Structure formats: structure tokens, C-alpha cells
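Here is the structure we will look at, set down as C-alpha cells.
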Amino acid sequence: MRTAGKLAALSSSPPVIAMRASRFFISTLKEAPSEAELVSHRLMLRAGLIRRLAGGIYSWMPLGLRVVRKVEAIVREEMNRAGAIELSMPVVQPAELWQESGRWQAYGPELLRFSDRHDREFVMQPTSEEVITDIARNELRSYRQLPVHFYQIQTKFRDERRPRFGVMRGREFVMKDGYSFHADHADLVREYQNMHDTYCRIFTRLGLRFRPVAADTGSIGGTGSHEFHVLADSGEDSIAWCPASDYAANVELAEAVAPRAARPAAGHPMSRVDTPGLTRCEDVASHLGIELAQMVKAIALVPVAASAQTDAPAIWLLLLRGDHALNEIKAQKLAGLENFRFASDGEIVAALGCRPGYIGPVGVGPRVRVIADRAVAVTADFVCGANTENTHLGGVNWGRDLPEPHEIADIRNVVAGDASPDGAGPLLIQRGIEVGHIFQLRRKYAQALKATFLDVAGKATEFEMGCYGIGITRIVAAAIEQNHDERGIVWPDPIAPFRVAITGLGYRRSERVRAATDALYEQLLAQGIDVLLDDRDERPGVILTDLELLGIPHRVVIGERGLAAGQVEYQARSASAPALVPLEEACKVIVEALARSVNSGAAAV
RNA sequence: CGGGGUGUAGCGCAGCCUGGUAGCGCACUGCGUUCGGGACGCAGGUGUCGGAGGUUCAAAUCCUCUCACCCCGACCA
């Protein structure tokens, strides 16, 4: 752990300038516009951090911009410290480069395309692999210039299908994107680890609780990609992690390992049971008084084949335990099911002779392909649909009542309590917001854009590339999502728009209050502290509730009453009650509190 | 893109069913009182009723089309 002194020396805030609320711009709302659903979105609107201009497009108001700048400053400082070099690439990029890389075709409608007055086509960049690779191919000629890591903090545009949650999933956003170039894969791996460590430092310094998780590496495979998630119950992603080891993965990717125990022997004969109107596993299980895990549900899928083969299975029946859910990404990895859709009711009736709700794997014809999840494959005496309406089958056993499945595969989402794929213990599940992603790109863009350098032997060689993103503006929303209460935002110290707010009750009326407040304000400014003096001509209730909504982490209230006893009130935003401190010690108390909050706070968990 | 919903003052909403002077709360302006937890009194301003057509003597209200925004499903920082 670094010392407070060192961190203070690294202070990355914008220059400290005198800031009186009466001359700043604070615009709070009692009620949030009805469009806002997510708490961070509501609070950002209410606190006047952002204002909407169009769908997924927001103006950053002065207070919000201060937060963005603080996030940027920390990211920039740590990137520089890690050896990356900042540059800035255009937001508007010519189509040619994108056609050369193939992404002009591959990207789809998320890529905003438009033409200039000469009818030349351009894109609004969602990321900048093409441009940076173009720079590399023009500028990097020799292995002697490697490795090099360029990054920028730049506005991005993605024409999202459905922008929502304010700045969390906007169309225009600010991202730090970095790209590294290497002579060989080993050096890329070295930098990748360097970035992994750097990202951990960044999120720690931002004061956030986060977790790095293994991510999909697509066609590349290996351990080439990690996502960084801010932990929050409202997060859109689910993370599976093992407290007994460092295993962590997005649930979409986490393997559900095969159960160790072999399938028990059959204990019951197969029997038909009446289940009128009971189409859900939960209903059938409670009707029969059995565990949900004894139920097997069947999901009917239809492959969307490029060419229709007449001998191909008409329907794929994917079997899952009643307490498990289908993982569509895993299903897509089944050979022959690369593209699928859910079967229509008509197709299900045609293939199985029964409407959905009562379908099952027993007695199905040769044109139905049966895939059992690993957990289903080791279940005996299970209950499943009978392919007859209002009827289920009990005591069903593989090999006796129906053939063994055509294929046994991992096709479900992991659930809490599943064994960790690394064998270290049971998994837990947590929600997260993806704020960072690092990736070993390898040679994909270097190949497409013919970007080479001369190696030691004088041979033209394609670069090994890595890319590394951090969602700057998303972090602002994620920080609020993770840190708020019923009164408003509770900023982590390092990214608060102001670290300290002081206000004098009756500042406009009481000479004594004004003198004490101004004096403390000057003292704090002299310490280089980012402080807001709230001298607005408002009633105390308005000022105090505003400061709480804004989430300023440290607050000092000075009033006649306290002054009479030589005291002022200090309260951390996260504290439940104020503390009285002698006026002459107020500055010291705050400086100490700031030092403490830098040292505690967040960490990778 | 498919399904659902909403557009009325800066924000939150009522009015629409059953056509007939456009309203309420907050915010805003002026004056006064008040001032340690979103004050009170008096006075005041505020609207192309999302837009375009249509029906009608008359449309916020009924009909058609359109646009915008929000919510639920497949992607990503």
C-alpha cells in the first residue's frame, strides 16, 4: 500500500481554484424527469450533472464535467506511469480504412456512417484500431522502436439499438482506448499483464469496488481477455467468482463443470402423472412435492442453416434441469447449431405432437436431436413432459425409458454453489457493470492493414497488438450506482466534483459566521484542497439537502450557535451524524479525514 | 428491429372516456415577513396541448398519418 503522502503528491485533480457556489452553476431538481429509471441516471439528472440533448446523447454540465475530468486525470496519470503514450485520433474517419480492415461490412448499424459534401464516406469512430494501425504501419519500421503503447481519451459514438440508463449506455461517450504494438507474442503478454495491473491500480484509485474477470476471447482463445466490473446490484452483467481462488468470469462464459458423481441407478418405474394446466417446472415440482432439480425441462430450437438439408434434424431438444437456465452463447457453440432460433408453437406441435409446456425427450422421433446438459445426464428418476398435454412422466431414466442423449454438453448458466472450474470451491454470483476491457488482439489488424516492421533478421513481420479500453463516462454512472443513499450521491473522495463543502448558516446576515467561514475556506484553499464554499442566499435546508444530493464527501457547517461555543460541525457524507470540532482545529480535522479516505476506500475484491 | 407505453408551462402531473374559456404542485419574477434541514403571505408571468392532415359550428379531447421519448427482448466501454 502506498503512503498517503505519496498519493497526495500525485494529486490529479484539476487545478484548485477558488469556488463560491454563488458564482458557480448548480442546478438541482426536486423531481427527476420521468424518463429516468436507473438510480444513477435519476441522481445525475437531479444533481444537474448532465442534461439530455437527444436519445443517448447528453451535455455534461459544469458539476458533472468536474467528475469526468477527475476520472480522466487519474486514468491518464496511471497510463503514463505504466509507460503508455498519449495521442489523439480523429473522431471522423474515412471509410477506406474501415473497408480495408473489413469492419465496414462486419460492424452493422451500430457504426454511424455518413458522407461529406463530395460524397466521400466517413464513419464516426466507435474505436480506433484502424487509425492506430495505419499510424503504426507508417511510423514503426523497426523492432528497435518496439514495444510502444499509444492511448487516447476521446469521444466515441456507437449507434446503440436501444440507448438507455443515461450515460451508462449512451450513444456518445468518452473512452480511454489504448493500443500496444509488439515484436512477438511474449512481449504482448508482458504488456497485457502490465495493463491488468495498471487497471487494478486505476480502479482502486478511483475509489471503486471492482473485480477483474476472465472474458470471452472469441476465436483467439487462451487467456487473452479480461473485463473489469464495478460491483453493483443494478449491474447488467453477472459475474461468477470463487472466494477460494482468484477465479472470476462473466457467467456467460463460466463453465458449468460436469458433476463428479456418476448417475445413480434407477429407483422407480416410469409413470404418467396428470398435471392439468401446469406448464412451468416450478408448478409441477410443487404439485408433485419434489425438488426442482428432479425436473427436466426441454427447450426446442431450430437451426437457421445456410442451406436447408432435408436429412438434418427438424428440431433440437435441449434438456436442462428445472433449476437451471439455458446459456444461449454455449448453445451456439454446439456443432450444427451455430445459428438458431426458438421453435414456433407450430413447429413444436409438428415435431412432438404437443404444445409447449408438456414437451419432453421420451419417445421422440429420429428427426429430433436430443442434447442433455451435463447435470441432466447424471440425473435419474427425473420428471419431464410427456409430449401429451396436461401430462408429465415421472421416474424417467436414461438408457431404460429413452435412449442416451445424442450429445452431452455444457449448455447452462452457472448458478451460485456450482463447483468452480478451477476446482477450488463453490462459486458465488455477483452483479457488475463493465467499465474496462483488455484484449490481446494479436495480428488481426496488422494482417488486414499489412502493418509490418523489420525484425532482427531484417524480415518484414506483422505486429502483435493489444487493445485496452476504459469507459470514462460510464465510470461516473457506475460510481453513483455503487455509492448512493436515499439522500443522493455519495462520491468516492477521488472523483467527487468537490472534495469539501463548507457553508455558513446565515452567511449573508452574520458578520461573525461570514468571517469564520471565509477564514476556513482560505485555509483549506491554502492546503491545496478542492473546496466549495456554499454562500448561496438560500435557507439552510435548501443548501444542506443540495450538498447531500451532490454527494460532496466532506462537509463543514458553521453557524452562530456553534460559534458561540467555539465549535463547527464536520460530517462525512457517508457518516450518519455530524461531529463537533473546535473552530481552530477544523482545517486539521479535514486534512486528516481526506488522508484517511485516500488510504481506505476501494480495492479489488 | 419486434412487443408495450407516454407526449399538456422549466420539472412532476390532472384534464381526454362523454368535444364548448387549458388547470394543479414545484420552480420562476416583485414586495414583505422568515432563516440550523427543501418557509409563509400578497401580487405576477409562463403554454404552437409533440407535429401534419381530417371530422365538426367548435378539437388537448374523436379519426388517420407522422415524429420524439420511455419500458421489456438479442450487443458493448
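Please read these numbers as outputs of a predicted model, since none were measured by experiment. Throughout, protein chains are lettered first and strands after them, A, B, ... in sequence-line order, and every chain is numbered starting at 1.
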Taking any heavy-atom pair under 4.0 Å as a contact, classify [X]: base, sugar-phosphate, or nothing.
{"X": "T127(A)", "result": "nothing"}
{"X": "E538(A)", "result": "nothing"}
{"X": "D237(A)", "result": "base"}
{"X": "R52(A)", "result": "sugar-phosphate"}
{"X": "V435(A)", "result": "sugar-phosphate"}
{"X": "R555(A)", "result": "base"}
{"X": "G108(A)", "result": "nothing"}
{"X": "R46(A)", "result": "base"}
{"X": "G504(A)", "result": "nothing"}
{"X": "L505(A)", "result": "base"}
{"X": "G506(A)", "result": "nothing"}
{"X": "R164(A)", "result": "sugar-phosphate"}
{"X": "E160(A)", "result": "base"}
{"X": "A36(A)", "result": "nothing"}

Check: Is there a donor-acceptor contact under 3.5 Å linking the side chains of N80(A) and Y151(A)?
Finding: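 Indeed, the side chains of N80(A) and Y151(A) share at least one donor-acceptor pair under 3.5 Å.
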Margin query: Checking S180(A) against E191(A): is there a side-chain donor and acceptor pair closer than 3.5 Å?
Written below: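 No.
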Who pairs with [N] - Watson-Crick or G-U, where each distance is under 3.5 Å:
{"N": "rC65(B)", "answer": "rG51(B)"}
{"N": "rA77(B)", "answer": "none"}
{"N": "rG2(B)", "answer": "rC72(B)"}
{"N": "rA43(B)", "answer": "rU29(B)"}

Margin query: Taking the nucleotide of RNA chain B with the nearest heavy atom to each, does R539(A) or R169(A) sit closer to the 5' end?
Written below: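 Final value for this comparison: R539(A).
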Next item on the list: By nearest nucleotide on RNA chain B, pick out whichever of P163(A) and S34(A) is the more 5' one.
Entry: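 Its nearest nucleotide lies further toward 5', so the answer is S34(A).
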Next item on the list: For RNA chain B, note the earliest and the latest nucleotide, 5' to 3', having some atom under 4.0 Å of a heavy atom belonging to chain A.
Entry: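 Listed 5' to 3', the contact boundaries are rC11(B) to rA77(B).
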Pick the [atom1] atom in [N] and in [M], then give their distance to the nearest Å.
{"N": "rG47(B)", "M": "rA14(B)", "atom1": "C1'", "value": "15 Å"}
{"N": "rC26(B)", "M": "rU64(B)", "atom1": "P", "value": "39 Å"}
{"N": "rC13(B)", "M": "rU55(B)", "atom1": "C1'", "value": "30 Å"}
{"N": "rA22(B)", "M": "rA27(B)", "atom1": "P", "value": "26 Å"}
{"N": "rC42(B)", "M": "rA59(B)", "atom1": "C1'", "value": "38 Å"}
{"N": "rU33(B)", "M": "rG23(B)", "atom1": "P", "value": "33 Å"}
{"N": "rC70(B)", "M": "rC11(B)", "atom1": "P", "value": "14 Å"}
{"N": "rU56(B)", "M": "rU46(B)", "atom1": "C1'", "value": "31 Å"}

Checklist line | Student check: side-chain heavy atoms of E347(A) and V302(A) closer than 4.5 Å | finding: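 E347(A) vs V302(A): side chains touch.
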Notebook entry, point to check: Is there side-chain contact between V68(A) and L65(A), with heavy atoms separated by less than 4.5 Å?
Noted result: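 A side-chain contact under 4.5 Å exists here.
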Next item on the list: With a 4.0 Å heavy-atom cut-off, tell me which residues in residues 476-492 of chain A come close to RNA chain B, sorted by residue number.
Entry: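 Correct list: R487(A).
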Note to self: Please find the pair of heavy atoms, one from A240(A) and one from A254(A), that lie closest to each other, and give the distance.
What the structure shows: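 For A240(A) and A254(A), the tightest heavy-atom pair comes out as CB-CB, 4.1 Å.
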Notebook entry, point to check: What pair of heavy atoms forms the shortest contact from C281(A) to G322(A), and how long is it?
Noted result: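 For C281(A) and G322(A), the tightest heavy-atom pair comes out as SG-CA, 4.0 Å.
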Next item on the list: Check side chain to side chain donor-acceptor pair (under 3.5 Å) between E255(A) and all other residues, then give those that pass, not counting sequence neighbours.
Entry: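 For E255(A), the residues satisfying side chain to side chain donor-acceptor pair (under 3.5 Å) (neighbours in sequence not counted) are R374(A).
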Note to self: Determine whether a donor-acceptor pair (N or O, by modelled atom type, separation under 3.5 Å) exists between the side chain of D534(A) and the backbone of A21(A).
What the structure shows: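 Checked: no pair found.
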Notebook entry, point to check: Do the side chain of D410(A) and the main chain of A256(A) share a donor and acceptor less than 3.5 angstrom apart?
Noted result: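 Side chain of D410(A) to backbone of A256(A), a donor-acceptor pair under 3.5 Å: yes, one is there.
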Check: When the ring centroid of Y468(A) is compared with that of H149(A), is the distance short of 6.0 Å?
Finding: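 Here the rings of H149(A) and Y468(A) have centres that are less than 6.0 Å from each other.
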Next item on the list: Would you sort out whether F228(A) and H196(A) count as a ring-ring contact (aromatic ring centres under 6.0 Å, His included), showing the intermediate values?
Entry: CA-CA 9 Å; F228(A) 290 77; H196(A) 187 285; 5.4 Å; yes
Next item on the list: Kindly determine whether Q125(A) and S128(A) satisfy side chain to side chain donor-acceptor pair (under 3.5 Å), including the steps that lead there.
Entry: CA-CA 6 Å; Q125(A) 57 125 14; S128(A) 285; 2.6 Å; yes
